[in-house]
Amino acid sequence: MTTDVRKAPFLPVAVLCCLGFAAVWLPFLHVAPNRLLSGVARSPHEIVLAVAWLAVAGLAWFIRSRTLAIACVSAMVVALPWLAGHDAGRLLDGAAPTSRVQTGAGFWTMWLAAGLLLLDRLRGLSLRWRAATWAAIALAVLSLAMGGAFGDIAIVREYRAQRGVFIDAFWTHVALSGTTLLLALAIGLPLGAWAWRAKRAGGVLLGVFSFLQTVPSLALFALLIGPFAWLARAWPALGALGFGGTGAAPAVFALVLYALLPVLRYTVTGLDAAPADARDAARGLGMSRWHVLARIQVPLGLPVLLSGLRIVAVQTVGLAAVASLIGAGGLGRFVFLGIGQGATDMVLLGTLAIIALAFAMDLLFQGLHALAEVRA
Amino acid sequence: MRAILPLCILVALLLVLPHAGPWFHAWMPTLSHPLYARTSFHALTFAHLGLVFAATLVATVLGLSLGIVATRPFGRSLLPTVRAVAVIGQTFPPVAVLAIAVPLLGFGAAPTFLALVLYGVLPVLGQTVAGLDAVPPAALHAADGMGYGRWRRLLEVELPLAAGPIMAGIRLSAIVSIGTATIGSAVGATTLGSPIVEGLVGNNPAYVIQGSLLVGALALSVDGLLGAFERYVRRL
């Protein structure tokens with residue numbers, strides 16, 4: 001039994017260290033003559049990295065101190081990007097000014113493995129310690145970035161070259177997603193409340209939206225171009241508001257259609273969160289329907305709704321990237337334009353920004369959810 | 001029932017669209033090429049389905065085996081990590097997965113296939129873990145009491161009881177794959193998204209409508225069929 005206890009928590013370490021160890025032999029960096037050509041693989045620190053992964057696994061096996069493991073893995077999460085930046089600077093020494101050093105599959109796999117390992121070792125600690133560790137790591141990476149440690153990596157160079165366009169695209173993406181969320185809430189909440197009261201009609205409504213949800217996003221976006229172009233021609237006033245065939249209007253319309261199903265579903269579940277007995281008791285005490293809603297159903301249902309909004313927000317940020325194919329702009333433009341030009345750095349810049357935005361939405365709604373749960 | 005109507009529409013579209021050139025010409029007389037002709041609609045539909053089927057198959061095998069390993073006694077400690085990967089993976093938009101696959105594999109069907117597999121594993125994995133976790137302990141004890149071995153208990157008790165949620169995961173995986181394969185035509189895969197993307201780039205609304213109608217009918221048909229199969233499995 002004791003051997004089992006000792007072995008069981010070691011398995012994730014073994015699997016993740018094997019992954020990191022194997023990734024040592026994937027290219028850590030690529031050196032390309034310019035931003036359009038593909039590069040030559042370079043892995044300057046194979047042995048050091050291999051030893052580091054073995055050391056982490058060995059430490060976890062022989063000295064089973066959680067604090068030590070967390071310290072080691074945190075150091076690794078910070079050191080990997082630093083190493084990439086440092087190597088990029090050395091590889092660019094004396095190279096042509098158009099040269100680019102891109103981070104390769106080896107770097108990304110190792111970073112992912114280290115991050116997951118840290119997540120595993122932090123499990124079981126209190127929320128305060130976990131948050132503090134991640135905050136410290138974010139601070140360390142951020143201060144390295146401020147100090148210019150990553151200045152020679154290709155994505156950072158791409159960002160510097162396209163800073164204005166990128167920031168515009170970023171805010172367009174945020175605006176598209178934000179408008180969609182607000183509209184979906186404004187329509188979905190009353191509609192959900194109605195669907196909750198009228199159970200049968202509500203079922204039909206949910207069926208219609210789940211039908212729509214199945215249609216591939218690109219097809220729905222594209223099919224809306226025609227009707228919107230017709231609207232703009234029929235009512236020029238709408239055209240002046242930006243309702244052309246392509247652009248933001250059909251994109252937001254389609255995004256709202258996709259967002260409505262989860263909003264409706266979670267509104268109904270949220271209103272069901274207060275047990276019928278509790279509602280009846282409150283009514284018996286002389287509370288009006290609005291009182292029951294405001295005092296009992298909303299506080300109990302809010303956490304459910306917020307966990308649903310988390311899904312909606314993440315989904316919307318991802319789908320808004322597809323909307324750039326019908327001319328809505330946003331970060332998807334970086335991705336598809338980059339793919340068209342064969343500019344990998346541009347694609348990666350857009351992709352990483354989209355993932356970061358989705359992640360930020362996820363964290364934001366997780367935080368709100370935790371807050372609502374405490375108050376409920 | 002929900003499968004039959006979309007399926008009829010899909011078959012009708014496949015029969016009618018190849019001969020619908022004059023209609024589209026009458027509708028949009030300014031277009032010089034009112035009908036997508038680079039690849040036949042049948043070939044596009046089969047390519048799309050083939051890509052989605054192969055990717056969903058691989059994703060199902062991967063997701064199912066990972067889910068089973070993570071719920072066995074020896075692999076339990078992996079469960080939190082597997083869950084974390086599934087949760088973090090879901091925040092990656094399909095477009096992002098597609099975009100990451102392109103620098104690794106170049107243009108064409110290969111990056112789309114990789115993206116479909118990577119993204120398709122998550123729902124199957126999540127539902128497998130959820131389904132196996134929800135098997136009532138009483139059923140497990142009964143199987144143990146009857147002297148079932150580990151394998152027999154897994155194959156004859158746990159998996160049949162978890163079949164409903166697992167099937168729901170496979171269905172979700174297939175539907176997401178159909179949508180992502182459509183976008184995959186933007187990175188050079190030949191799917192039903194090709195007419196849409198070419199129509200958007202070349203300003204040809206007829207291509208866009210033809211591709212969108214077909215892929216919409218295809219998605220609804222597959223969803224209906226898999227949904228019917230899921231209900232059948234749950235009733236067993």
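We name chains A, B, ... by the order of the sequence lines, and we start the count at 1 in each one.
- For the options B/Ile175, B/Ile183, B/Ile178, heavy-atom pairs under 4.5 Å to chain A are most numerous at B/Ile183.
- If you tally non-hydrogen atom pairs under 4.5 Å between each of A/Leu325, A/Leu348, A/Leu331, A/Val335 and chain B, the highest count goes to A/Leu325.
- Heavy atoms of A/Leu16 lying under 4.5 Å from chain B belong exclusively to its side chain.
- Identified by a heavy-atom distance below 4.5 Å to chain B, the contributing residues of residues 107-117 of chain A are A/Leu116, in residue-number order.
- Minimum heavy-atom separation, A/Leu11 to B/Gly75: CD2-CA, 4.0 Å.
- The contact between A/Leu119 and chain B is made entirely by side chain atoms (from C-beta outward), counting heavy-atom distances below 4.5 Å.
- In A/Arg130, the CZ atom is crowded: over 12 heavy atoms of neighbouring residues, nucleotides or ligands sit closer than 6.0 Å.
- With a threshold of 4.5 angstrom between heavy atoms, B/Pro80 approaches chain A through its backbone and through its side chain.
- Crowding of A/Arg310 atom CZ: a count of heavy atoms from other residues, nucleotides or ligands under 6.0 Å exceeding 12.
- Between the CG atom in B/Leu200 and the CZ atom in A/Phe336 there is a gap of 10.5 Å [rounded to 0.5 Å].
- Taking each heavy atom of A/Val215 and B/Gly216 in turn, the nearest pair found is CG1-CA, 4.3 Å.
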Inset, instruction - Test B/Ile88 against A/Phe359 for side chain to side chain contact (heavy atoms under 4.5 Å, CB included), laying out the working first. - result: CA-CA 8 Å; B/Ile88 296 172; A/Phe359 219 68; 3.9 Å; yes

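- A/Leu319 places none of its side-chain heavy atoms less than 4.5 Å from the side chain of B/Pro93.
- The minimum heavy-atom distance between B/Ser77 and A/Asp120, with the atom names listed, is O-OD1, 4.4 Å.
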Legend entry - Pair A/Val317-B/Thr91, side chain to side chain contact (heavy atoms under 4.5 Å, CB included): steps then yes or no: CA-CA 9 Å; A/Val317 167; B/Thr91 60; over 6 Å; no

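- In terms of heavy atoms, A/Gly318 sits closest to B/Val95 at O-CG2, 4.4 Å.
- Of all non-hydrogen atoms in B/Gln90 and A/Val314, the two that sit nearest each other are O-CG1, 3.9 Å.
- Top candidate by heavy-atom pairs under 4.5 Å with chain A, chosen from B/Gly179, B/Ser212, B/Ala219, is B/Ser212.
- Heavy atoms closer than 4.5 Å to chain B are found in the side chain of A/Ala105, but not in its backbone.
- There is no contact between B/Val222 and chain A, counting heavy-atom distances below 4.5 Å.
- Note that the CG atom of A/Leu218 and the CD1 atom of B/Ile196 stand 4.5 Å from one another [nearest 0.5 Å].
- Note that CD1 of B/Ile100 is 12.5 Å distant from OG1 of A/Thr344, once rounded to the nearest 0.5 Å.
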